2 protein chains.
Amino acid sequence: MYKERQFKGKHMFKQVRQNKAYQGVVEQIEETIVAGTLKPGSLLPAERELKEQFGVSRGTLREALRVLEQKGLIEIRTGVSGGSVVREVNGDKLSENIGLLIRNRTVSLQDLATFREGIEGGVAALAAQRASEGDIAFLRELLGEAEGHLKLGRKGWNAFIRTDEKLHMALARISANQLYISVLESVYSNIHTYYDNYLSYGKQRLQENYDDLRGIVEAVAAGEGEKARKLAQGHVERFNAYMEKKGAT
Amino acid sequence: MYKERQFKGKHMFKQVRQNKAYQGVVEQIEETIVAGTLKPGSLLPAERELKEQFGVSRGTLREALRVLEQKGLIEIRTGVSGGSVVREVNGDKLSENIGLLIRNRTVSLQDLATFREGIEGGVAALAAQRASEGDIAFLRELLGEAEGHLKLGRKGWNAFIRTDEKLHMALARISANQLYISVLESVYSNIHTYYDNYLSYGKQRLQENYDDLRGIVEAVAAGEGEKARKLAQGHVERFNAYMEKKGAT
DNA sequence: TATGCGCGAATGGTTTAACCATTCGTAAAA
DNA sequence: TTTTACGAATGGTTAAACCATTCGCGCATA
């Protein structure tokens, strides 16, 4: 038997990662963008210029640009005066990613719904702390809009759902927390498909829904964060329960 | 004056998207993977074979593969018997995306901290509903570990912080919701910088922290979701208050 | 027999050079 | 003034060749 190796199983050294050429390019450009040196709207140099600066071939450079595009950091336009434009990073890729997880069954609809419950609660609580009088007026306006749709009967249901969503997103904006805004946007863009099920429950459910919304808005107006959180959570929770009963998985 | 165009401003037709060649390749492969025809671990044909099947050049094919790699759907290995391997889709790319949002957008430390508050609350509540006896035993084990570190005095502080984080991530895993897991991972990987500030508050704070953790674990063990949520929220809230006092922005 | 070395094949990584497709400013033509 | 045509700049795509990495196989050697 040989003497046992020292540090067996421990990480004595950091693994050397063999950077592929395109990765080096990605890292440099990403760093520059994230650091703010390149602001949204900026145009990167042309490919034939960039390939010189990085000392790689055009093919390699283009692989790097594709990666940056997929990350949502740049947008590539053709034609003269086209090129790689630095993008305002938003939640689009986030929502695309969540969609992928759902399609792959790594995340079930129920997971998404449960997650939404927590997010909406947090948003409502924050909004209650931060809403200005103008914000509150706007929320009440949306409430009025929702009530109007409700009175139209079946014809107004779709519009009601849209107003409901507008109200939730308004709360997110009032929370003034970009993370909540982006995450909630992503959740909505992936949960839409299942609204149809909900609609089939009819007027009774929509009325309950409206009452919930009213409660939330009033709690926000009163600056009662914890109350708003509880109401919002319960609101989404009830919604989820209907979904589940309806058999959506 | 000419007669006004019909449907002015309305979306009469769906916009024709000029698919670039690589996008067609991405879509086909992505579809096959998501549909489950290609299972994780499967090896795609070699590039020189694939380029024939899709009728594109190798460069174009490789741009497509880079995109799929960036989406987290495949992993590319070199060497004979290497190639494009279909990956088990997980939340890594989701974390990466959120990380980009945090680094890039106007997400302040305070936004991040506030957001964490809501997430940790949701995680704790879910964990309380779903924890098995084994899970609870594991949490208690981590508690013991934390207590041990605490007794070491200043030398153990860093280890304590690491155990604290392990405990929070364990709760996320117990919640069994990939969204919570990924989101919390990205929060932690972006909040680390600020731990140093916290440490400087010394033993008193760590002891409070430990008491919080104990309370959370006990609530989870008792299956009391709302209590766990409140405790976790308060736990993070207090942490944030210290951060703020310390002047971190 | 067991071990180690080296070669060759298969695969991804990279380069080069050329040409195609799109866009837009500008100058010529109506 | 308006329309048209063209040319330049940019990204999109192709082709063929070579480099780098990995792994299996067979041969040489202890």
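Every value quoted in this text rests on a predicted model; they were computed, and no experiment measured them. We use all heavy atoms of the structure for the numbers below, so side chains are in, but hydrogens, waters and symmetry mates are not.
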request  = In whole angstrom, give the distance that lies between atom CD1 of A/I76 and atom P of C/dT22.
outcome  = 17 Å
inquiry  = Is the positively charged end of A/R116 above the ring of A/F239, judged by distance under 6.0 angstrom from the centroid and angle within 45° of the axis?
reply    = yes
key: Separation of D/dT10 P from B/K20 NZ (nearest whole Å)   = 16 Å
query = Rounded to whole angstroms, how far apart are CG on B/L50 and C1' on C/dG12?
reply = 12 Å
ask   = Looking at side-chain heavy atoms only, is the closest gap between A/I161 and A/E165 below 4.5 Å?
value = no
Residues within residues 60-71 of chain B bordering DNA chain C, heavy-atom distance below 4.0 Å = B/R62, B/R66
ask   = Whole Å only: how far is the OH atom of B/Y22 from the C1' atom of D/dG11?
value = 11 Å
query = In terms of side-chain heavy atoms of B/E47, which of C/dG12, D/dT14, C/dT14 is nearest?
reply = C/dG12
query = Ion pair present between B/E30 and A/R103, side-chain N to carboxylate O less than 4.0 angstrom?
reply = yes
note = Here the gap from A/S84 atom OG to A/E75 atom CD, rounded to the nearest 0.5 Å, amounts to 10.0 Å
message = Under 4.0 Å from OP1 or OP2 of C/dG12: is there any side-chain N or O of B/T78 that close?
response = no
ask   = Between B/R87 (side chain) and B/L73 (backbone), is there a donor-acceptor pair under 3.5 Å?
value = no
inquiry  = Check A/E96 with A/K93, please: is the shortest side-chain N to carboxylate O separation under 4.0 Å?
reply    = yes
inquiry  = Closer than 4.0 angstrom, basic N to acidic O: yes or no for A/E145 and A/K166?
reply    = yes
request  = May I ask you to decide if B/V56's main-chain N or O and B/T60's side chain share a donor-acceptor pair within less than 3.5 Å?
outcome  = no
inquiry  = Can you measure B/R48 atom CZ to C/dT11 atom P for me and round it to whole angstrom units?
reply    = 8 Å
query = Rounded to whole angstroms, how far apart are CZ on A/R58 and P on D/dA17?
reply = 21 Å
At a cut-off of 3.5 Å, list every protein nitrogen or oxygen paired with a nitrogen or oxygen from nucleotides 3-9 of chain D, distance to 0.1 Å.
unit_1, atom_1, unit_2, atom_2, d
D/dA9, N3, A/V80, N, 3.4

task = Start with the C-alpha distance between A/S95 and A/S189, add both sets of side-chain angles, then the distance that settles side-chain hydrogen bond (donor to acceptor under 3.5 Å, both in side chains), and finish with yes or no.
result = CA-CA 7 Å; A/S95 114; A/S189 71; 3.0 Å; yes
request  = Measure the distance from NZ on B/K51 to C1' on C/dT11 and round it to the nearest whole Å.
outcome  = 14 Å
remark   = Heavy-atom nearest nucleotide on DNA chain C taken for A/G59 and for B/R77; more 5' hit belongs to B/R77
